[in-house]
Amino acid sequence: MADGEVLVDPNGDLASTIRENQSLFASQFSKIRREARRQLISAAVDYSAGDSTSPKYPLSQQDFDPDNMRLFLAGHQPELFHPGVWFKNYFLSSLAKWGNGIPVNLIIDSDQCKSSSIMVPTGSVKQPVLQPIAIDEFQQSLPFENVPWRNIDYVKGFPHRVKKASGSLLGNESILNTYWNELDDLIQPDQPRGLAIARARQRVEQRNGLNNLEVPVSKICQEKPFFDFLEMILKSPLDFQAIHNECLHRFRSVNRLRSKTHPVPDLAKLDDWVETPFWIWSSEIQERRPLYAKASGNRVHLTDLDGIHIKLEKERLSEQLLECGASINATAQKPEHLSSVSIRPRALTTTLFVRLFIADVFVHGIGGAKYDALTDDIITRYFGVTPPNFITATSTNQLPFCLPLPADDEIKTINEQIRKTQVKPELCYRELEANAAKSGVASQYPSDWLQWAQKKAGLLSSVPQEGGRKTWHQEIQSLNSRLSEGLTWLRDDLIGKREMLQRQRDAFRLLKSREFSFVLHPQDLITKLGESATKVFSQCD
């Protein structure tokens with residue numbers, strides 16, 4: 001995709017996508033869906049209103065009717081992501097305005113925080129290098145909801161470190177300064193880092209006219225609809241595992257994927273324990289682990305295979321999980337065996353739950369859209385229903401470097417010329433002689449080159465039979481070597497030109513990557529994303 005280009009799929013009749021989904025939802029899981037939508041809106045309004053410096057969403061909870069409202073959702077991890085991800089938020093807002101719905105952005109704080117850094121271009125435009133600049137000091141990899149600020153003084157110096165690394169490559173009017181001003185008062189030792197990063201980004205959006213509701217996935221996972229969904233899988237974990245793995249193998253086959261971990265690993269089975277598509281952890285050990293389950297009689301047992309063991313009644317599974325909270329924030333008065341446990345969905349399971357039980361339409365990026373072909377298959381096979389449609393939306397936005405991109409045929413032509421100096425050097429001499437004659441400059445080449453070229457031509461005109469071909473070939477090689485040796489200067493010059501073009505191409509690809517964080521872009525990126533999203537719907541019926 002070129003700079004500024006937008007991808008939306010389907011790019012035609014979005015109204016049909018909404019209508020088709022609503023016709024599916026009319027009969028699918030109506031009770032749990034109604035409650036899930038009500039709980040989501042309640043949690044989103046509460047969370048979005050929790051920031052005293054941000055504009056309030058113009059509707060109160062009483063204005064939301066879960067049966068009649070349209071909910072449009074998207075989501076991403078709370079990171080300093082690239083503009084293609086950020087475009088989804090602008091698209092979501094425009095979709096809600098156009099489709100008379102409510103936009104809700106999910107903060108996927110249940111995913112693993114794998115990095116605290118962003119890549120920053122350093123060096124020069126001609127020879128750029130990427131350098132990771134850390135937001136905070138290193139700490140163990142945990143779910144975003146469990147990652148605190150580690151060194152606040154170090155965090156506050158992040159903009160300075162970015163500026164020092166980038167030097168003159170990045171302008172002074174990047175979004176970083178505006179963003180960091182919003183983040184500054186959110187950097188609190190007892191607050192999750194990811195939620196502060198997401199809240200500051202939401203403030204920037206709101207001050208520029210974007211007013212999506214937001215809610216962390218961790219909040220949704222403390223409500224009964226999520227536990228009802230969890231129960232649907234935990235009551236028959238072996239059936240789900242078999243269908244999940246069968247669909248996964250089919251996905252790998254269709255997409256010709258050889259990796260056994262891509263897009264996700266198979267769900268395992270260890271003795272009677274069956275791996276489920278959820279994570280579990282405790283307040284003492286906050287590293288997430290696979291949740292294993294087994295059904296035995298009227299009981300369902302849950303474990304991480306390392307210290308956590310939960311025993312529940314099969315007929316009251318969701319109620320018991322709700323009573324105990326299954327949350328990191330559960331109080332000491334609740335049953336001891338569940339007082340500090342969190343259960344969260346994995347990536348595919350998150351979108352499965354949201355698409356099936358909450359959203360009228362879910363907006364994916366490219367990666368999520370590709371992998372949800374697998375989710376669609378699981379929905380069809382396990383839940384026995386037609387999967388709802390989703391929309392794919394992304395954009396490509398590059399940093400404003402003025403760089404020429406060498407044409408592919410330039411390097412190809414030079415490679416052909418280099419090869420000609422080795423296998424047909426006599427042609428190079430004739431071209432050089434002709435150019436010298438035109439310019440009036442005397443040629444300075446080996447005096448014997450013409451004699452060698454004529455001898456080679458004679459050999460090529462009389463190729464021997466099988467018996468003498470080896471000697472003939474050796475003579476051709478010897479003549480080529482003599483002729484080519486006199487062109488070393490030309491070959492070195494061509495190689496130098498090729499290396500220069502390759503460096504230009506490498507620099508272009510590095511500096512024109514779409515993966516740079518949105519905070520490194522100029523302020524006008526915000527306007528561009530909004531205009532691009534608006535343009536999509538100006539072309540819709």
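- Residue Asp376 comes nearest to Phe390 through the heavy atom pair OD2-CE2, 4.0 Å, listed as atom of the first residue, atom of the second, then distance.
- Across all their heavy atoms, Ile233 and Tyr382 have their closest contact at CA-OH, 3.7 Å.
- Ring pair Trp86/Tyr90 is perpendicular by interplanar angle, where above 60° counts as perpendicular and below 30° as parallel.
- Between Met119 and Ser513, every side-chain heavy-atom pair lies at or beyond the 4.5 Å cut-off.
- Arg289 forms no cation-pi arrangement with Trp279, by the criterion of a distance under 6.0 Å to the ring centre and an angle within 45° of the ring axis.
- For the residue pair Asn212/Glu205, the side-chain donor-acceptor check at 3.5 Å is not satisfied.
- Judged by distance alone, with hydrogens and angles left aside, the side-chain atoms of Ser166 form no donor-acceptor pair with the main-chain N or O of Leu169 at under 3.5 Å.
- Taking a cutoff of 4.0 Å between a charged side-chain nitrogen and a carboxylate oxygen, Arg381 and Asp239 do not qualify as a salt bridge.
- Summarising the geometry, atom OG belonging to Ser532 is positioned 6.5 Å from atom CG belonging to Asn397; distances are rounded to the nearest 0.5 Å.
- How far CD1 of Ile220 is from CZ of Phe226: 9.5 Å, rounded to the nearest 0.5 Å.
- When all heavy atoms are compared, the tightest approach of Pro189 to Pro148 is O-CB, 4.1 Å.
- Here the closest non-hydrogen pair linking Ala200 and Leu186 is N-CD1, 3.7 Å.
- Counting heavy atoms from C-beta outward, Arg355 and Thr375 have side chains that approach closer than 4.5 Å.
- Formation of a donor-acceptor pair under 3.5 Å by the Asn151 side chain with backbone atoms of Tyr154 is found in this model.
- Salt bridge status for Lys224 with Asp228: present, with a side-chain N to carboxylate O gap under 4.0 Å.
- Side-chain atoms of Glu223 never come within 3.5 Å of backbone atoms of Gln39 as a donor-acceptor pair (strictly under, hydrogens ignored).
- Applying the side chain to side chain contact (heavy atoms under 4.5 Å, CB included) criterion to Pro400, with sequence neighbours excluded, gives Pro522.
- With rounding to the nearest 0.5 angstrom, the CE atom of Met500 is 9.5 Å from the CD1 atom of Ile411.
- Screening Ile133, Ile135, Val120 for a side-chain contact (heavy atoms from CB on, under 4.5 Å) with Arg161, the sole residue that qualifies is Ile133.
- Looking only at distances, a side-chain donor or acceptor of Arg37 sits under 3.5 Å from a matching main-chain atom of Ile358.
- Between the side chain of Asn208 and the backbone N or O of Thr527, no donor-acceptor pair lies under 3.5 Å.
- Side chains of Asp266 and Lys260 form no contact here, defined as non-hydrogen atoms less than 4.5 Å apart.
- Residues Thr349 and Arg346 have side chains that never bring a donor and an acceptor to within less than 3.5 angstrom of each other.
- Counting only heavy atoms from C-beta outward, the side chains of Ser110 and Phe144 never approach each other to under 4.5 Å.
- Asp9 has its side chain out of reach of Ile391: every pair of non-hydrogen atoms, C-beta onward, lies at least 4.5 Å apart.
- Paired with Val363 under the rule side-chain contact (heavy atoms from CB on, under 4.5 Å), one option of Thr394, Asn105, Leu92 passes, and it is Leu92.
- Contact of the Ile107 side chain with the Leu195 side chain is registered, since non-hydrogen atoms from C-beta on lie closer than 4.5 Å.
- From Leu525, atom CG reaches atom CD of Gln398 across 12.0 Å, with rounding to the nearest 0.5 Å.
- Applying the side chain to side chain donor-acceptor pair (under 3.5 Å) test to Thr350 and every residue at least two apart in sequence or in another chain returns nothing.
- Ion pair Glu246/Arg250 flagged as a salt bridge, since at least one NZ, NE, NH1 or NH2 atom sits closer than 4.0 Å to an Asp/Glu carboxylate oxygen.
- Counting only distance, with no hydrogens or angles, the side chain of Ser174 and the backbone of His521 share no donor-acceptor pair below 3.5 Å.
- Closest of all the heavy-atom pairs between Val104 and Ala44 is CG1-CB, 4.2 Å.
- Checking Arg70, Arg33, Arg19 one by one against Asp360, the salt bridge (charged side-chain N to carboxylate O under 4.0 Å, His left out) holds for a single residue, Arg33.
- Scanning both residues, Ala15 and Trp98, for their nearest heavy atoms gives N-CH2, 3.5 Å.
- Dense packing is recorded around CD of Glu5, with more than 12 heavy atoms of other residues, nucleotides or ligands lying under 6.0 Å away.
- Using cut-offs of 30° and 60° on the angle between ring planes, the pair His76 and Phe81 is perpendicular.
- Between Glu182 and Arg199, none of the side-chain N atoms (NZ, or NE/NH1/NH2) sits under 4.0 Å from a carboxylate O, so this pair counts as no salt bridge.
- Taking a cutoff of 4.0 Å between a charged side-chain nitrogen and a carboxylate oxygen, Glu531 and Lys528 do not qualify as a salt bridge.
- Side-chain atoms of Arg514 and Asp3, non-hydrogen and from C-beta on, never get closer than 4.5 Å to each other.
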Practice prompt. Could you give me the CA-CA distance, side-chain angles and deciding distance for His262 and Tyr371, then say whether ring pair (Phe, Tyr, Trp, His ring centres under 6.0 Å) is met?
Written response: CA-CA 10 Å; His262 194 72; Tyr371 296 150; 5.6 Å; yes
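- Here the straight-line distance linking atom CG of Leu73 with atom CG of Leu40 works out to 5.5 Å at 0.5 Å rounding.
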Worksheet item: So Asp109 and Arg193, salt bridge (charged side-chain N to carboxylate O under 4.0 Å, His left out) or not? Walk me through it.
Response: CA-CA 10 Å; Asp109 62 338; Arg193 187 174 71 202; over 6 Å; no
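- A donor-acceptor contact closer than 3.5 angstrom is absent between the side chains of Asn389 and Thr17.
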Discussion item. Using the rule given for side chain to side chain contact (heavy atoms under 4.5 Å, CB included), can you reason through Arg505 versus Arg509, listing the C-alpha separation, both sets of side-chain angles and the distance that settles it, and then say yes or no?
Written reply: CA-CA 6 Å; Arg505 180 172 289 276; Arg509 288 174 174 168; 3.3 Å; yes
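- Salt-bridge annotation for Lys219 and Glu214: absent, with no side-chain N of the basic residue lying under 4.0 Å from a carboxylate O of the acidic one.
- If you look at Phe87 and His82, their ring centroids are not closer than 6.0 Å.
- A search for side chain to side chain contact (heavy atoms under 4.5 Å, CB included) contacts involving Ser94 returns Ala533, Thr534, Phe537, not counting sequence neighbours.
- Using cut-offs of 30° and 60° for the angle between ring planes, the His364 and Phe362 rings count as perpendicular.
- Expressed to the nearest 0.5 Å, how far CD of Gln206 lies from OG of Ser48 amounts to 7.5 Å.
- Put simply, the side chain of Lys512 gets close to the backbone of Phe401: a donor and an acceptor are under 3.5 Å apart.
- The number of heavy-atom neighbours closer than 6.0 Å to NZ of Lys535, taken from other residues, nucleotides and ligands shown, is 12 or below.
- The closest donor-acceptor contact from the side chain of Thr392 to the backbone of Gly365 lies at 3.5 Å or more, if one exists at all.
- Looking at Ile41 and Leu71, their side chains come closer than 4.5 Å, going by heavy atoms from C-beta outward.
- Although no hydrogens or angles enter the test, the distance criterion places a donor-acceptor pair under 3.5 Å between the side chain of Lys88 and the main chain of Gly75.
- Here the side chain of Ser141 pairs a donor or acceptor atom with the backbone of Cys113 at under 3.5 angstrom.
- Around CD of Glu137, the count of heavy atoms belonging to other residues, nucleotides or ligands within 6.0 Å exceeds 12.
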